[in-house]
Structures are given as structure tokens and as C-alpha cells.
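It should be emphasised that the depicted structure is a prediction, and the values quoted were computed from it without experimental measurement. Remember, it's 1-based here, ligands and their atoms both numbered in the order they're listed.
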Amino acid sequence: MDAFVIEGGAPLKGTLRVNGSKNAALPLMAAALLTDAPVTLRGVPRLADIANMRRLLHELGCDEDHDDEGDVRLHVTDASGSHARYDIVRTMRASVCVLGPMLAKRGSARVSMPGGCAIGERPVDLHLRGMEALGARVTLSSGDILVEAPGGRLEGARGFLGGAFGPTVLGTANVMSAATLAEGTTVIESAACEPEIVDVAKLLTSMGARIEGAGTPRITVHGVDELKGADHRVLADRIEAGTYLIAAGMCEGDLELSNCPMDALLALDDHLQRAGVSVEVLDDTDPLRATVHATRGERIEPVTVTTHPHPGFPTDLQAQMMAMLTLANGNSVITERIFPERFLHVAELSRMGARLFRQGPTVVVSGVDGLVGAPVMASDLRASAGLVLAGMAASGTTTIRRVYHLDRGYERMERTLESVGAKITRVKEQDLPMMG
Ligand code: EPU
């Protein structure tokens with residue numbers, strides 16, 4: 001397993017280009033199962049999760065070609081299989097997004113039930129409720145979810161996708177994708193409004209689907225008989241962009257970001273401004289692919305952060321924001337409303353001298369003058385990103401073990417950050433000195 005060794009304190013200066021979005025690319029790739037024609041996706045990030053999705057689609061009869069530019073061509077040539085096996089689903093929860101496309105196109109699907117993960121329990125009841133609303137029969141067998149469309153085709157219906165923690169992003173992608181081939185009209189109430197859903201709707205529309213309202217809480221889908229191939233550029237990754245903007249605020253940064261989806265980052269922008277980090281837009285001819293310049297002010301001011309579904313502050317930036325606020329000039333309060341247990345970074349940041357007090361879904365962050373490098377452990381993707389930022393801002397050396405979590409969602413993060421001045425080396429864990 002790999003680890004990072006970070007020498008803290010280096011200022012960040014230079015230009016970065018934001019990659020394509022992981023969380024858009026996964027359901028976009030799954031949408032290739034809805035057609036017999038090829039689907040080409042451009043700007044797909046090179047990540048472990050994407051490689052897993054390619055492997056899963058291959059098992060489901062999809063031929064796949066990709067190149068170094070991030071262009072991926074997917075083409076179903078054998079639609080006889082319909083089993084997403086535990087082996088793959090356990091490595092990537094997002095495998096569940098093949099459920100809707102497979103059910104709609106092949107009339108049935110068998111997907112291993114995803115387990116919990118480091119950030120919480122993560123049930124899929126809302127996905128299944130949506131499939132049932134479209135007329136599917138849902139059963140469980142040997143840890144697999146079996147869904148079947150009686151008569152081979154789903155039927156349009158009205159379905160409510162709100163849960164105790166708000167709408168579901170992948171659940172919305174699943175039901176919207178399934179509804180494209182259903183007989184009649186589907187209305188999804190309490191749909192997720194995330195930009196990734198809008199991107200999936202764009203691809204489906206270019207494949208011939210008839211979708212209204214993507215990006216709002218009510219999505220209407222008029223079913224069609226078949227979908228054709230398409231060529232689509234993946235949305236830029238708002239979470240990668242947000243991570244680097246926060247890095248600029250934390251590490252004496254002077255960073256220019258291109259391909260930055262600023263229009264999808266307004267909540268972060270607002271919080272950064274209040275914390276004293278300036279994000280100046282240099283070019284927003286396309287506000288989802290803007291060029292921006294981020295610099296830190298005199299000091300970081302404390303802010304209150306509550307995560308919410310889009311357009312609220314994203315849960316996927318909570319850990320990184322917490323890392324930055326450990327250095328604020330006063331007390332910040334962070335409340336997690338999407339995944340109330342998503343706080344594995346709290347104990348690790350505390351090892352670096354952060355003063356954090358957690359009660360349930362809320363953490364009070366009492367700013368300190370400086371963080372101190374320490375050996376820490378990555379636990380989930382975004383918690384790990386928070387630790388990398390903390391390591392870059394700390395004095396001395398930080399070692400982060402288990403960085404495979406980071407490789408799931410950031411393309412060679414150490415190279416990206418090194419290119420703007422960070423001092424990060426990737427090493428083998430066995431080459432690190434033993435921790436006491
Ligand atoms: N939920 C249910 N039932 C369901 C589905 C979700 O109760 O059937 C709950 C979840 O437990 C959670 C809330 O609803 O409390 C929202 O979960 P959601 O379904 O929206 O999460 P997801 O679609 O599985 C995606 C991203 C996550 C991101 C969340 C929230 C992908 C591949 N994953 O997950 O990204 O945190 O939306 O924005 O798109 C990450 O990239 O690090 C990551 C975890």
C-alpha cells in the first residue's frame with residue numbers, strides 16, 4: 001500500500017486544471033447500458049473507481065476502449081448478463097447505479113446489495129422504492145437485490161425520492177435513467193438537484209431521452225422506445241476544484257484554476273469569502289468551466305458550516321473545510337446533515353494539534369495558531385483529502401497511510417499539488433519507519 005510523506009509549510013503558487021467529475025462519470029458510464037449503440041464520454045478522470053466501473057460494465061457485456069486523454073468509448077455487444085457481483089460492488093458502492101439502466105433495458109437486474117462504508121450506513125431503500133414505483137418487483141436473495149419488470153418493460157409513475165437526510169443523488173440518477181425507457185411519463189418528486197444529475201440528464205437527452213426539470217426537485221421523464229448513442233464531455237469535478245480552492249486558502253496560496261465549475265460551487269465560494277479567502281473569476285464564458293484565481297487574506301476567519309443537498313454546502317467538502325478552519329482566528333461550528341457520522345478525520349486532525357470538540361453531527365473547531373506534522377491514517381476519500389491539506393499547512397513532516405482512498409477520487413493528487421509547490425512524496429508503506 002502507498003503512503004504520502006508531506007513536508008509542510010510550502011506556499012502554493014501556479015496553475016491547475018480541474019479534471020472531469022468522478023461522481024458524474026460513474027452514472028454517465030452506467031447510462032451506456034441503456035442503448036445498443038456506442039456512447040463516448042470525454043474527459044473521464046483516471047481513477048480507481050472509474051477502473052472498477054469499466055470492469056463492471058465489461059462483465060455486463062459492454063466493450064470498452066479508453067485512451068490517455070480520458071476519452072472512454074462504451075458499447076454493449078452482449079446484453080445477456082445482468083449480475084453485478086459482490087466482488088466489484090464491495091469495492092465501489094456506486095456500482096448500484098447500473099441497477100436502473102439494466103432493469104430498464106434488459107427487463108431485470110441482479111446487483112449485490114452494497115454494504116455500509118466508512119462514512120455511514122448508506123442504505124439503498126430509496127433506489128428500490130423508485131424502481132417499485134415504476135412497476136418493478138424487488139426481492140432479495142443471497143445478499144443480491146433482484147429487480148424485474150413484469151412484462152419486460154417499466155411503467156411511468158409518480159415517485160417520491162426524499163429520505164430522512166434529503167434526496168438521494170445516485171437514487172435520482174438510477175430512477176431517471178430507468179424512466180427514460182419506461183412506458184409513459186414518470187414524475188420524480190424530491191429529486192436531487194446536484195449538477196451531476198443535470199449532467200446525466202444532458203447525456204440521456206442527447207441519446208434521445210425526453211427529460212424536463214433536471215436540476216430542480218421535480219424531474220419529469222417521458223418514456224421513449226429506444227435510445228441511441230451519443231458523444232458527451234463530462235462535467236468538471238466541483239469537489240476536486242473545491243479541494244484545491246480550500247488548499248489555496250490554507251497554504252498561503254496563489255492558485256489559478258482552469259476548467260473550474262464555479263457555477264456549481266456558489267456555497268463554497270460564499271463560505272470562503274467569509275473566511276477571508278478570495279476567489280476572483282478571470283473568465284466565466286462557460287461558468288461550469290471557468291478560470292479563477294484564489295488567494296488567502298491576512299488570516300482565516302471562523303465560519304459556520306452546515307452541509308446540505310445542492311445548492312447547499314457539499315458534504316464532500318466538509319473534511320477539507322474543517323482542515324482549513326482548524327487554523328482560523330476563533331471558533332467555527334461545522335454540522336453534517338447528509339452523513340452524520342462522516343467525521344473520521346476528526347481524530348486524525350486532533351493528532352496534528354487541531355482543537356476539535358464533537359457532539360453528534362456537530363463539531364466545534366477552535367482555531368489554533370499552527371498544526372504540527374504527525375503520522376495519520378486515511379480513512380475515506382474526502383477525510384484523506386482533508387488530511388493532505390492539513391499536512392501541507394502543518395510544520396514538519398506528516399505521513400498519511402492508506403492513500404488508496406485518495407486514489408479513488410483524485411487523479412495523482414501528489415503530482416497535481418507538487419506542480420504548484422507542495423512537497424509530497426508517494427512511498428510504499430513498508431518503507432516508512434515503524435510508528436510507535
Ligand atoms: N440515503 C437513504 N436511502 C437511500 C439512499 C440514500 O437513506 O436509498 C441517505 C444516505 O444514507 C445519506 C443521504 O440519503 O444520508 C444522501 O445519500 P445519497 O444517496 O445522495 O448519496 P450517494 O448518491 O450514494 C453521492 C456521492 C457521494 C456524496 C453523496 C451526497 C457518488 C458516487 N457519490 O452518493 O460522494 O457524498 O452523493 O452528496 O456520486 C464522495 O465522492 O466522496 C462521495 C461519498
Check your understanding: Just by modelled atom types, is the E64 backbone N or O under 3.5 Å from a matching donor or acceptor in the H58 side chain?
Key -> no
Practice item. Could you tell me whether T315 and ligand 1 have an N or O pair separated by under 3.5 Å? Key: no
Review point. Between Q273 and H271, do the side chains contain an N or O donor and an N or O acceptor separated by less than 3.5 Å?
Key: no
**Study point:** Atom pair CG/SG of L56 and C97 - distance to nearest 0.5 Å
**Key:** 8.5 Å
**Study point:** Test item, P314 contacting ligand 1 (heavy atom, 4.0 angstrom)
**Key:** no
Check your understanding: Relative to the heavy atoms of A94, which atoms of ligand 1 are at a distance of less than 4.0 Å?
Key -> 32 (C)
Exercise for review: Go through the side-chain N and O atoms of H83 and D144 and say whether any donor and acceptor fall under 3.5 Å apart.
Suggested key: yes
Check your understanding: Atoms of ligand 1 less than 4.0 Å from R342 heavy atoms?
Key -> 36 (O), 40 (C), 42 (O), 43 (C), 44 (C)
Point to revise | Contact atoms of ligand 1, heavy-atom distance to P167 under 4.0 Å | key: 16 (C), 20 (O)
Review point. Of all the heavy atoms in E240, does at least one lie under 4.0 Å from an atom in ligand 1?
Key: no
Review point. R342 side chain to A319 main-chain N or O, any donor-acceptor pair under 3.5 Å?
Key: no
Exercise for review: Verify, without hydrogens or angle tests, whether R110 (side chain) and A84 (backbone) share a donor-acceptor contact under 3.5 angstrom.
Suggested key: no
Check your understanding: How does D316 reach ligand 1, if at all, at less than 4.0 Å between non-hydrogen atoms: by side chain, backbone, both, or neither?
Key -> side chain
**Study point:** G166 N/O under 3.5 Å from ligand 1 N/O
**Key:** no
Check your understanding: For D286, does its backbone N or O pair with a side-chain atom of D284 as donor and acceptor, under 3.5 Å?
Key -> no
Practice item. State if G163 counts as touching ligand 1 under the rule of any non-hydrogen atom under 4.0 Å. Key: no
Exercise for review: Nearest 0.5 Å please: distance from the CE atom of M53 over to the CG atom of L28.
Suggested key: 9.5 Å
Check your understanding: Given that the side chain starts at C-beta and the backbone is N, CA, C, O, which of these parts of R382 lies under 4.0 Å from ligand 1, counting heavy atoms, or is it both or neither?
Key -> side chain
Check your understanding: What atoms of ligand 1 come within less than 4.0 Å of a heavy atom belonging to H127?
Key -> 8 (O)
Check your understanding: Taking heavy atoms and a distance under 4.0 Å, where does V169 meet ligand 1: side chain, backbone, both or neither?
Key -> both
Check your understanding: With side chains defined as the heavy atoms from C-beta onward, is the minimum distance between L12 and M392 less than 4.5 Å?
Key -> yes
Exercise for review: Please state which part of E336 comes within less than 4.0 Å of ligand 1, counting heavy atoms only: side chain, backbone, both or neither.
Suggested key: neither
Check your understanding: Quick one: does P123 get within less than 4.0 Å of ligand 1, heavy atoms only?
Key -> yes
Point to revise | L381 contact mode with ligand 1 (heavy-atom cut-off under 4.0 Å) | key: side chain
Point to revise | Short side-chain donor-acceptor distance under 3.5 Å, Q318 and H345 | key: yes
Check your understanding: Quick check: does any side chain N or O of D67 sit under 3.5 Å from a backbone N or O of G70, one acting as donor and the other as acceptor?
Key -> yes
Practice item. Could you tell me whether D125 and ligand 1 have an N or O pair separated by under 3.5 Å? Key: yes
Revision key, fill the gap. To the nearest 0.5 Å, atom OG1 of T180 lies from atom NZ of K105 at 10.0 Å
Check your understanding: Is it the side chain (CB and beyond), the backbone, both or neither of K22 that lies under 4.0 Å from ligand 1, heavy atoms counted?
Key -> side chain
Review point. Within the side chain of N174, is there an N or O that forms a donor-acceptor pair under 3.5 Å with the backbone of G100?
Key: yes
Point to revise | ligand 1 contact on D380 by region, counting heavy-atom pairs under 4.0 Å | key: neither
Check your understanding: Of all the atoms in ligand 1, which lie at a distance below 4.0 Å from a heavy atom belonging to F165?
Key -> 13 (C), 15 (O)
Point to revise | P309 and ligand 1 - part of the residue with a heavy-atom distance under 4.0 Å | key: neither
Check your understanding: Looking at ligand 1, does R93 have a heavy atom less than 4.0 Å from it?
Key -> yes
